[in-house]
Amino acid sequence: MIAVLFDFSGTLFRIESTESWLRGGLAEAGIVLADGEVAGTARALEVAGALPGGAAPVRLPEDLAGVWAVRDESAELHRAAYTGLSRHVTLPDPALHDRLYERHMSPAAWQPYPDAGKVLRALRERGIAIGVVSNIGWDLRPVFREHGLDPYVDAYVLSYEHGVQKPDPRLFAAACAHLGADPRRTLMVGDDRRADGGAAALGCAVHFVDHLPAGERPNGLLPVLDLVDGAGAAPAAG
């Protein structure tokens, strides 16, 4: 392998829990709720799928079906989709819907998986080019900078900056072009079999990790090093 592409959410980083997200937004707004009310509201937001990077909606409202399908193609669509889901939940202040959306973009809302830094450093030491390919509606670069992982990333290819979203092969092709990498010697690592699996259309090898809380997946990225060291053999999806 001469390059490795990584997904962001659920692969290198994990978003905070829905309750932590809500509590942070309430604190920023100076709103105090009883613990039971916080927990109940957090559950409602989780069912709604209102936290980007969190659980998908249990039931997608009909009025949001169109924007949801293309939500990662622009910053405006991404905000409209997620604040639209949030607004299906009653919050103590209507301004909280936008405040919560803003909070999820803060570096403090994201935690790198325990082995992310180790794997990125090891790839850099091997001379492997590294790219981040994400379906997203905002600039995640500050998250990498804040957590000290930006020095290991050679290229960020973000759907909202290109107007296309995974599994469209054009996004992976753009990443390979940025890195000067042959797709046939490139590995894509992600947690979404449909979206990240789109890299296979270019001839990239693909490896899957489980989208779990950071504490439940301490070593999920380590197999990437074995795959890279395996003389370019195409890895099995796992």
Has E216 got more than 12 heavy atoms of other residues, nucleotides or ligands less than 6.0 Å from its CD?
-> yes

Test the R193-F208 pair against the cation-pi criterion, namely NZ or CZ under 6.0 angstrom from the six-membered ring centroid and within 45° of the ring axis.
-> yes

Backbone N/O of L85 and side chain of H88: donor-acceptor pair under 3.5 Å = no

For the side chain of Q165 and the backbone of A195, is there at least one donor-acceptor N/O pair under 3.5 Å apart?
-> no

Answer yes when D7 and K166 have at least one side-chain N-carboxylate O distance shorter than 4.0 Å, and no when they do not.
-> yes

Is there a donor-acceptor pair under 3.5 Å between the side chain of S159 and the backbone N or O of E73?
-> no

What one should report as the nearest heavy-atom pair of V89 and A48 is CG2-CB, 3.9 Å

Is the shortest side-chain N to carboxylate O distance from D192 to R194 below 4.0 Å?
-> no

Listed partners of T41 passing side-chain hydrogen bond (donor to acceptor under 3.5 Å, both in side chains), at least two apart | none

Sidechain-backbone polar pair: T18 side chain, A42 backbone, donor-acceptor under 3.5 Å | no

Joint hydrophobic cluster, I136 plus V67, side-chain heavy atoms closer than 4.5 Å = yes

Check the pair E161, R141 against salt bridge (charged side-chain N to carboxylate O under 4.0 Å, His left out), reporting the backbone distance first and the verdict last.
-> CA-CA 13 Å; E161 294 180 340; R141 295 172 182 87; 3.0 Å; yes

Say whether, by atom type as modelled, one donor and one acceptor occur between the side chain of Y113 and the main chain of N219 under 3.5 angstrom.
-> no

List in chain and number order the residues that pass salt bridge (Lys or Arg N to Asp or Glu O under 4.0 Å) with R217, two or more places apart in sequence or in another chain; answer none if no residue qualifies.
-> none

Would you give the length of the straight line joining atom CG of L51 to atom CG of L22, rounded to the nearest 0.5 angstrom?
-> 10.5 Å

Check the pair R79, D98 against salt bridge (charged side-chain N to carboxylate O under 4.0 Å, His left out), reporting the backbone distance first and the verdict last.
-> CA-CA 9 Å; R79 179 183 286 271; D98 283 306; 3.3 Å; yes

Would you say the side-chain atoms of W68 pair up with the backbone N or O of L60, donor to acceptor, closer than 3.5 Å?
-> no

By salt bridge (Lys or Arg N to Asp or Glu O under 4.0 Å) - contacts of D35 (at least two apart) | R23

Do S86 and H97 get their side chains close enough for a donor-acceptor pair, meaning under 3.5 Å?
-> yes

Quick one: ring-ring contact (aromatic ring centres under 6.0 Å, His included) pairs with a partner in residues 143-201, sequence neighbours left out?
-> F8-F144, F13-F144, F13-H147, F144-Y156

Heavy atoms of other groups near E28 CD, more than 12 under 6.0 Å = yes

How far does CG of D191 sit from CG of L212, to the nearest 0.5 angstrom?
-> 9.5 Å

Exam field: side chain D115 to backbone G220, donor-acceptor pair closer than 3.5 Å = yes

If two hydrophobic side chains count as joined below 4.5 Å and joins carry through other members, does L202 share a cluster with M188?
-> yes

Look at the side chain of W110 and the backbone N and O of H104, then say whether any donor-acceptor pair between them is shorter than 3.5 Å.
-> yes

Provide the closest heavy-atom pair for V153 versus R124 in the form atom of the first, atom of the second, distance.
-> N-NH2, 4.1 Å

Determine the minimum heavy-atom distance between L149 and A116, stating which atoms define it.
-> CD1-CB, 4.3 Å

Non-hydrogen atoms of D154 and I128 that approach each other most closely = OD2-O, 4.3 Å

Heavy-atom nearest pair, P92 first then L33, reads CG-CD1, 4.0 Å

Return yes when atom CZ of R170 has more than 12 non-hydrogen atoms of other residues, nucleotides or ligands closer than 6.0 Å, and no otherwise.
-> no

Given side chains that start at C-beta, do those of V189 and V209 come closer than 4.5 Å, heavy atoms only?
-> yes

Would you check if V38 and E19 make a side-chain contact, meaning some heavy-atom pair closer than 4.5 Å?
-> yes

Looking only at heavy atoms, what is the nearest atom pair of A181 and T186, with distance?
-> CB-OG1, 3.6 Å

Going hydrophobic residue to hydrophobic residue with side-chain gaps under 4.5 angstrom, can you get from L221 over to I130?
-> yes

Co-membership, hydrophobic cluster, residues L222 and L187, 4.5 Å side-chain | yes

Go through the structure and list residues passing salt bridge (Lys or Arg N to Asp or Glu O under 4.0 Å) with R99, not counting sequence neighbours.
-> none

Near-ring test W138/Y82, centroid separation under 6.0 angstrom = no

Not counting sequence neighbours, which residues clear side-chain hydrogen bond (donor to acceptor under 3.5 Å, both in side chains) with S20? List them please.
-> E16

